[in-house]
Amino acid sequence: MAAPAISQPRSSKTESYVDNKRKEDIRHANIVAARAVADAVRTSLGPKGMDKMISAANGEVIITNDGATILNKMEVLQPAAKMLVELSKSQDAAAGDGTTTVVVIAGALLKQCLSLLGSGIHPTVISDSLHKASIKAVDVLTAMAVPVELSDRESLIKSASTSLNSKVVSQYSTLLAPLAVDAVLSVVDPAKPDLVDLRDVRIVKKLGGTVDDTEMVNGLVFDKKVSHAAGGPTRVENAKIAVIQFQISPPKTDIEQSIVVSDYTQMDRILKEERNYILGIIKKIKATGCNVLLIQKSILRDAVTDLSLHYLAKAKILVLKDVERDDIEFITKTLNCLPIANIEHFREEKLGYANLVEEVPLGDGKIVKITGIKNMGRTSTVLVRGSNQLVLDEAERSLHDALCVVRCLVNKRFLIAGGGAPEIELSRQLGAWAKVLHGMEGYCVKSFAEALEVIPYTLAENAGLNPIAIVTELRNRHAQGEINAGINVRKGQITNILEENVVQPLLVSTSAITLATECVRMILKIDDIVTVR
């Protein structure tokens with residue numbers, strides 16, 4: 001009977017042995033997995049970075065240099081590594097550019113954390129010092145920044161072209177950078193000068209031509225043909241445009257049923273009714289003087305029938321059908337008109353006015369352009385061209401990054417140097433600050449400072465320079481007080497980066513550092529993974 005008594009654990013006040021091995025293993029596994037993800041995108045950092053070719057399961061191929069896109073398409077299974085994917089997404093949302101940078105910094109921090117954990121420092125201590133160091137880092141960056149005015153178009157273009165330089169379409173940066181700047185500046189609302197909604201900049205892609213043919217259209221562009229049924233007009237001057245959300249087609253019964261018509265006279269009557277119904281609608285439309293119709297795609301039934309198109313063509317009304325529902329808001333904002341949901345509400349004050357609506361042949365298809373819109377809303381449309389689908393998609397992504405960079409500058413009007421200069425300066429100042437701190441904190445901050453050197457190191461490595469020599473020389477220059485000395489990848493040496501016009505918005509760097517440290521702190525705090533089946 002005494003056997004069960006012995007097997008009870010010794011409950012003494014000094015419980016000595018706690019199994020920490022598993023926790024360390026899990027932390028180690030998490031850090032290794034997350035670093036593997038960071039190393040995957042490391043080679044695509046900077047102007048000389050390589051591109052990744054992503055082949056999806058459905059046979060679609062993407063060539064890209066954008067960190068967020070690469071990570072998004074990667075099938076990451078390890079939960080901690082997924083956090084890095086989310087990290088680059090949040091950087092994409094916050095700043096739009098620097099998606100590769102943020103992951104690379106996180107990877108370097110994790111590497112330092114491994115060695116700190118190996119020295120037996122408690123994860124919470126590391127996490128807290130990281131937090132302090134990141135706050136200090138943001139202060140240092142802000143002190144380095146140069147204020148910029150929105151009227152200073154040159155600086156905006158410089159920062160946009162710096163963003164484009166690392167992309168596949170970098171040779172077109174002289175064309176795309178001013179285009180991005182103009183597109184963003186045209187949608188800035190004077191009432192709310194520091195807010196930009198990028199949904200007001202619409203990017204329309206059309207295959208054919210080269211990226212050189214990309215243009216900004218002051219008006220609207222539809223990647224569709226005008227409906228050519230019954231020879232309707234394809235060009236209208238002094239257009240009055242209506243955006244309608246109802247159908248110009250005979251009504252359907254509410255319930256699923258079939259009507260059997262046995263008599264020819266009754267059949268005639270049905271057709272006559274249909275005709276009168278449609279003609280009634282079209283007369284109401286014509287009465288307001290409207291001569292361009294944009295018809296929303298309908299779910300219930302065909303928005304227009306051949307018969308109604310025929311009558312619309314006779315009434316000399318240009319018809320554009322199958323407008324997507326998501327575009328309606330953008331269209332009405334641009335045209336400064338209201339969408340019309342019912343024929344009874346069709347009034348002249350709901351129409352938009354434009355000088356010209358015409359169909360233009362482009363590439364292998366046709367597009368519809370609306371130009372010269374009277375009191376146009378604050379929107380802009382960019383028509384992107386490219387020789388194949390891969391270039392086209394990548395041009396769109398690069399343009400989006402450039403637009404985001406300009407948006408960052410509108411939100412927070414400060415520029416800092418690029419080319420690894422801010423990172424080395426941070427590393428130097430944090431290193432000096434670490435000497436003042438006492439205890440474990442100083443030790444942690446010092447390794448945080450070392451981790452930041454990964455950016456210039458990787459830039460040099462990707463450009464085929466000798467990274468150790470370059471980074472040492474950089475440190476030396478910064479120690480002598482040249483704050484803006486950075487790696488000039490084109491010349492392969494260290495120069496003053498601001499003079500080379502390599503600049504980036506302050507927001508990109510600060511958000512990269514805060515987001516990366518936040519992500520690393522979360523990974524550090526995890527000590528167990530529980531799978532729930």
Side-chain angles (χ1 to χ4, degrees), residues 46-47 91-92 94-99 101 138-167 169-190 192-198 200-201 214 216 378 380 382 398-426 455-456 459 478 482-491 494-513:
Q91 170 77 358
D92 203 19
D97 197 23
T99 46
T101 314
V138 173
D139 293 347
V140 173
L141 281 175
T142 318
M144 281 176 66
V146 187
V148 63
E149 281 303 316
L150 285 189
S151 51
D152 180 9
R153 193 157 169 269
E154 281 303 301
S155 299
L156 297 181
I157 291 176
K158 280 178 199 170
S159 60
S161 64
T162 304
S163 161
L164 288 168
N165 275 342
S166 63
K167 306 282 186 265
V169 289
S170 57
Q171 65 266 34
Y172 302 111
S173 61
T174 46
L175 165 82
L176 292 178
L179 201 138
V181 172
D182 294 342
V184 173
L185 291 184
S186 67
V187 301
V188 176
D189 191 354
K192 298 185 291 249
D194 48 359
L195 284 175
V196 176
D197 189 359
L198 282 187
D200 292 344
V201 179
T214 300
M216 182 174 148
R378 296 195 165 274
S380 63
V382 178
S398 310
L399 196 59
H400 177 259
D401 274 15
L403 290 171
C404 286
V405 164
V406 185
R407 184 190 67 181
C408 287
L409 282 176
V410 174
N411 288 357
K412 217 175 181 183
R413 298 175 186 178
F414 287 102
L415 281 174
I416 58 174
E423 282 84 7
I424 280 284
E425 184 60 25
L426 272 183
I455 298 287
L459 277 178
H478 277 264
E482 295 182 33
I483 291 189
N484 293 327
I487 303 171
N488 183 344
V489 183
R490 295 207 180 87
K491 292 182 186 163
I494 290 172
T495 50
N496 182 338
I497 277 292
L498 278 187
E499 288 164 12
E500 296 288 336
N501 298 341
V502 180
V503 287
Q504 58 188 24
L506 174 66
L507 194 63
V508 170
S509 292
T510 51
S511 87
I513 284 179

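The analysis underlying the following values was restricted to heavy atoms, covering all of them including side chains, and did not include hydrogens, waters or symmetry mates. FYI, the numbering just counts along the sequence from 1.
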The single option from L156, L403, L150 passing side-chain contact (heavy atoms from CB on, under 4.5 Å) against V181: L156
Exactly one of L198, V201, D182, V410 should register a side-chain contact (heavy atoms from CB on, under 4.5 Å) with V187. Which one does?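 Passing option: V201.
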I'd like to check [X] versus [Y] (side-chain heavy atoms, cut-off strictly below 4.5 Å). Are they in contact?
X	Y	value
M216	S380	yes
L415	S155	yes
D97	D92	no
T214	L179	yes
S170	L164	no
N488	I494	no
P505	K412	no
V169	L176	yes

Nearest 0.5 Å, please: how far is CD in E154 from CG in N501? 8.5 Å
Atom pair OG1/CD of T101 and E423 - distance to nearest 0.5 Å: 7.0 Å
So I157 and V406, side-chain contact (heavy atoms from CB on, under 4.5 Å) or not? Walk me through it. CA-CA 8 Å; I157 291 176; V406 185; over 6 Å; no
Test side chain to side chain donor-acceptor pair (under 3.5 Å) on Q504 and S163 and set out the steps. CA-CA 8 Å; Q504 58 188 24; S163 161; over 6 Å; no
Any salt bridge between [X] and [Y], counting N to O under 4.0 Å?
X	Y	value
E500	R490	no
D197	R407	no
K167	D401	yes

Minimum heavy-atom distance between [X] and [Y], given as atom pair plus value:
X	Y	answer
L459	G419	CD1-C, 3.7 Å
A421	A417	CB-CB, 4.2 Å
P456	I424	CG-CG1, 3.6 Å
S166	G46	CB-O, 3.3 Å

What I want to check is whether the side chains of T162 and N165 have a donor and an acceptor closer together than 3.5 Å.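 Note: T162 and N165 side chains miss the donor-acceptor criterion.
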Start with the C-alpha distance between M144 and I483, add both sets of side-chain angles, then the distance that settles side-chain contact (heavy atoms from CB on, under 4.5 Å), and finish with yes or no. CA-CA 8 Å; M144 281 176 66; I483 291 189; 3.7 Å; yes
Could you tell me whether a side-chain N or O of S509 sits under 3.5 Å from a main-chain N or O of L506, the two making a donor and an acceptor? no
